[in-house]
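Have a look at the structure below before the remarks.
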Amino acid sequence: MELLVNDGTFPIMASTTLKNLKKYGLCSTVLQGKKVKLSLAAEEVALFFAQMLDHEYTTKKVFRENYFKDWRKKMTDEERSLIKNLDKCDFGELHAMHKAKVEAKKVLTKEEKLVLKEANKKVVDEYGYCLLDHHKERIDNFKIEPPGLFRGRGEHPKQGMLKMRIQPEHVIINCSKEACIPVPPTGHRWKEVRHDNAVTWLASWTENIQSAIKYIMLNANSKLKGEKDWEKYEIARKLKSCVDDIRNQYNQDLKSKKMDTRQRAVALYFIDKLALRAGNKKEEGETADTVGCCSLRVEHITLHEKLEGNKCVVEFDFLGKDSIRYYNKIPVIKKVKKQRAPKALPHSPSSLLSCLCLHLKTGLLNKHLSTLMAGLTAKVFRTYNASITLQQQLKELTNRYQSDNEPEKLLSYNRANRAVAILCNHQRVPPKTFDQFMANLQPKIDARKETLALAKTELKQAKKEAKKQQTLVEQKKAAVKRCKEQLLKSEVQATDREENKQIALGTSKLNSLDPRISVAWCKNMEVPIEKIYSKSQRDKFAWAIDMTEEDFEF
DNA sequence: GTGTGGACTTAGAAACTTAGGC
DNA sequence: GCCTAAGTTTCTAAGTCCACAC
C-alpha cells in the first residue's frame with residue numbers, strides 16, 4: 001500500500017489528538033517489503049518509535065520488547081495478525097518523514113520563526129500564569145505531558161512502554177473556592193475539582209507507566225518556591241552550628257555495643273563524608289537497579305587493607321540516581337574499619353554490610369537525625385556540604401590566584417563550583433565534539449601568542465618614533481592589551497573546558513549551593529552577577545540577590 | 001514497625017536560542 | 001551573513017521524605 005498524505009506539518013505535540021491525526025492524514029509502515037496502511041491509533045504509536053530511530057534506545061532489547069507489546073495493544077485485530085515481529089518492520093519512511101519535518105522547521109525564514117514565537121508567547125500568556133494570594137505567578141510546567149515512549153534511565157525495565165495521552169477526564173484541578181474554575185476543552189470534563197490549600201499543586205494526573213502522580217506546580221521564581229528554597233538553606237546553615245557535635249556523636253556511636261547504632265553511625269559517616277544520598281527502598285523489577293547509602297549491597301563495596309599507599313580503603317562502585325555510576329576509593333578512619341571488618345573475616349564485604357546499612361531504613365535514620373536538630377534529614381548533609389565547600393573553595397582559590405582579571409576570577413568560581421559537583425557526583429556525558437574542540441583550541445592559542453608577540457614588536461617600534469607619532473604609540477598599546485586579553489581568555493577557556501569535561505556544574509548551582517554565597521562573592525570580587533547566573537537562575541535566586549550583603553557567611 | 005501513597009525536590013537529556021568566529 | 005558551538009531553557013524521570021493506615 002502506498003503512503004497517503006503527509007504535508008510535513010504532522011502535529012506531534014501535546015495538543016495532538018486523534019482528531020488532529022485524521023486532519024493531517026494517514027501514513028504507512030513497511031512490513032517485510034509490503035506497505036501496510038495503519039489505523040490511526042497504531043500509526044501514531046509507530047511514529048513515536050520512528051522518531052526515536054536515531055536514538056540508542058531503539059536498539060535496546062527491553063525497549064523494543066516493551067514497545068512492541070504496547071504497540072500491538074493499539075493495533076486492530078487485522079494489524080495484530082499481520083504484524084508479529086518488530087524486527088521485520090521498516091520504519092524508514094516514517095523516520096524520513098519526521099526528519100523532513102525537523103529540517104523544514106530549521107529552514108523557516110526569520111519572519112516565519114517570529115510568527116511561531118508570537119504564537120508560543122500567546123499560549124504562555126494565556127496558560128502560563130496563575131493567581132496565588134493575589135500575586136500573578138508563573139507556572140512551571142503548565143503543559144500536560146504529551147504521549148510518547150517512556151524513556152526510563154539506565155536499565156529501566158519499563159523503557160519503551162507507551163505513555164498514554166492524558167485527557168481532561170484524567171486531570172484533577174486544585175484551585176481556591178472563589179476562583180474561576182478553568183473550563184475543560186469542549187466535550188470534556190475534569191476528573192475532579194478540589195480546593196486543597198494545604199498543597200501547592202494546581203493540577204495533577206496519574207501516569208500509566210509507574211502509576212505515579214504528576215503535578216503542575218509553580219515556577220522556581222515564585223514567592224512560594226523562593227521561600228521554601230530560603231528555608232532549605234537556612235536549615236543547612238543551622239547544621240553548620242551543630243555539625244561538630246553530630247560528628248562527634250556518630251564517631252562515638254561507631255564503638256557502640258548495639259549493632260543498630262553502629263550501622264546508623266557508619267551510614268551517617270558516609271552520608272556526611274561522601275555526600276551519598278539516603279537510599280530509600282525501591283520496588284524490585286519496577287525501576288532501574290540503583291542504590292544509595294542505606295540500600296548498598298555486598299557487590300557495591302570492596303575492602304582493601306592497603307591500596308595505593310593508603311591503609312583501610314573502601315572502594316565504592318554502584319549506580320546512583322539516574323543510573324549515574326558512583327566510583328570512589330576512600331581511606332577510612334581506623335575505628336570504622338575495625339568495627340566493620342571483624343577479625344574472623346578481615347575482608348569480608350558482608351561483614352561490612354552487616355555493620356553498614358543492611359537493616360537500616362531511611363525513615364529510622366531521619367527520625368534519629370530529627371532528634372539531633374529540628375528539620376535535619378539525610379539530604380540536608382548534601383546541601384550543607386555542597387554550600388560549605390563552595391564557600392571554602394572560593395576563599396581559598398580567590399586568595400591563591402589573586403587577580404583583577406575577570407576570566408581568571410570566573411575560572412576560580414568555576415573551580416570552586418567544580419569541587420562541589422565532584423563531591424556530589426554530578427556527571428555528564430562529555431560533549432561529542434569535545435576532543436575536536438580541544439584540538440582546535442590549541443592552534444588558536446598559538447596564533448594568539450604570535451599576534452601578541454607581533455603587537456609587542458610594533459609597540460616597541462612605535463615608541464622609538466614616539467615623538468613623531470604619539471597617537472600611534474597609544475594605538476599599539478591598546479592593541480597589545482587587547483591581544484593579551486584575548487590570549488588569556490582562550491587559555492582560561494581551555495583550562496576550564498578540560499577540567500569540566502565530565503562534570504555538570506548546573507545541578508549543584510541550582511539545587512545545592514546557597515545562592516547568597518555566590519552573590520556575596522560577586523559583590524566582593526566586583527563580578528557582575530550575570531556572569532555566574534543566567535536569566536532564569538537570577539529569577540530563581542532573586543530573594544538572595546536582593547538581600548545579600550558582601551559580608552554574608554554561610 | 002512497616003508498607004504505601006502523596007507531595008515535593010533534584011537530576012540529566014533534549015530542545016531551543018544566542019553568540020562568536022570565519 | 002552564515003554556520004556552529006556554547007549557553008540556556010524545557011522536559012520529565014527519579015529521587016527524598018512524611019503522613020497515614022494497618
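Chain letters run A, B, ... following the sequence lines, proteins first and then strands; every chain starts at 1.
- Of the residues in residues 199-214 of chain A, A:Val199, A:Thr200, A:Trp201, A:Ile213 come within less than 4.0 Å of DNA chain B through at least one heavy atom, sorted by number.
- Positionally, the nearest nucleotide of DNA chain C for A:Gln537 lies more toward the 5' end than for the other of A:Ala278 and A:Gln537.
- Distances shown here put a side-chain N or O of A:Lys225 below 4.0 Å from the OP1 or OP2 atom of B:dT9.
- Nucleic acid contact class of A:Tyr215 (heavy atoms, under 4.0 Å, all strands): base.
- For A:Lys177, the side-chain contact (heavy atoms from CB on, under 4.5 Å) criterion is met by A:His195, not counting sequence neighbours.
- A close approach under 4.0 Å does occur between a side-chain nitrogen or oxygen of A:Asn366 and OP1 or OP2 of C:dC17.
- Note: NZ (A:Lys228) to P (C:dC17) measures 14 Å, nearest angstrom.
- Evaluation of the side-chain hydrogen bond (donor to acceptor under 3.5 Å, both in side chains) rule for A:Asn208 yields no partner, not counting sequence neighbours.
- Atom CD in A:Gln51 sits roughly 21 Å away from atom P in B:dA13 (whole-Å rounding).
- Distances shown here put a side-chain N or O of A:Arg277 below 4.0 Å from the OP1 or OP2 atom of B:dA11.
- A heavy atom lying under 4.0 Å from DNA chain C marks the following residues of residues 284-291 of chain A, by number: A:Thr290.
- Across the helix from B:dG1-C:dC22 to B:dC22-C:dG1, the helix axis at one end is tilted relative to the axis at the other end by 10° (nearest 10 degrees, each axis from five pairs).
- In this structure, A:Lys113 reaches neither bases nor backbone, as no heavy-atom distance under 4.0 Å exists between it and the strands shown.
- A:Phe316 has its ring centre less than 6.0 Å from the ring centre of A:Phe270.
- The side-chain contact (heavy atoms from CB on, under 4.5 Å) test applied to A:Lys121 returns A:Asp125, not counting sequence neighbours.
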Below 3.5 Å between N/O atoms, which protein atoms pair up with nucleotides 19-22 of chain C? Just atom names and distances, please.
none

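- In this structure, a donor-acceptor pair under 3.5 Å is absent between the side chains of A:Ser176 and A:Asn197.
- A:His55 has a side-chain polar atom (N or O) that falls below the 4.0 Å cut-off from OP1 or OP2 of B:dA14.
- Atom CD1 in A:Ile235 sits about 11 Å away from atom P in C:dC17, given to the nearest Å.
- Within the structure, every side-chain polar atom (N or O) of A:His426 is placed at least 4.0 Å from both OP1 and OP2 of B:dT10.
- In this structure, A:Arg151 has no salt bridge (charged side-chain N to carboxylate O under 4.0 Å, His left out) partners at least two apart in sequence or on a different chain.
- Side-chain nitrogen and oxygen atoms of A:Lys163 include at least one within less than 4.0 Å of the OP1 or OP2 phosphate oxygen of C:dA13.
- Between A:Lys361 and C:dC17, a side-chain N or O to OP1/OP2 separation shorter than 4.0 Å is absent.
- Contact between the side-chain N/O atoms of A:Lys106 and the OP1/OP2 oxygens of B:dC16 is not found at any separation under 4.0 Å.
- Taking a cutoff of 4.0 Å between a charged side-chain nitrogen and a carboxylate oxygen, A:Asp260 and A:Lys258 do not qualify as a salt bridge.
- Nucleic acid contact class of A:Arg153 (heavy atoms, under 4.0 Å, all strands): base.
- For A:Ser518, the side-chain contact (heavy atoms from CB on, under 4.5 Å) partners at least two apart in sequence or on another chain are A:Leu390, A:Tyr413, A:Ile532, A:Tyr533.
- For B:dA11, neither phosphate oxygen OP1 nor OP2 lies less than 4.0 angstrom from any side-chain nitrogen or oxygen of A:Thr507.
- A donor N or O paired with an acceptor N or O is not found under 3.5 Å between the base of C:dT10 and the side-chain atoms of A:Lys143.
- A distance of 6.0 Å or more separates the ring centres of A:Phe142 and A:Tyr127.
- Atoms CG (A:Asp322) and P (B:dA14) sit 12 Å apart, rounded to a whole Å.
- Checking A:Phe142 against A:Gly154, the closest nucleotide of DNA chain C that is more toward the 5' end is the one next to A:Phe142.
- Near-neighbour residues of DNA chain C inside residues 511-519 of chain A, defined by a heavy atom below 4.0 Å, are absent.
- For DNA chain B, the neighbouring residues in residues 368-381 of chain A, judged by any heavy atom under 4.0 Å, are A:Lys379.
- Nucleic acid contact class of A:Gly320 (heavy atoms, under 4.0 Å, all strands): sugar-phosphate only.
- Residues passing the side-chain hydrogen bond (donor to acceptor under 3.5 Å, both in side chains) test with A:Gln391, sequence neighbours excluded: A:Glu553.
- In this structure, the CZ atom of A:Arg538 is 13 Å from the C1' atom of C:dG7, given to the nearest Å.
- Residue A:Gly363 is classed as having no contact, given no heavy-atom separation below 4.0 Å to the nucleic acid.
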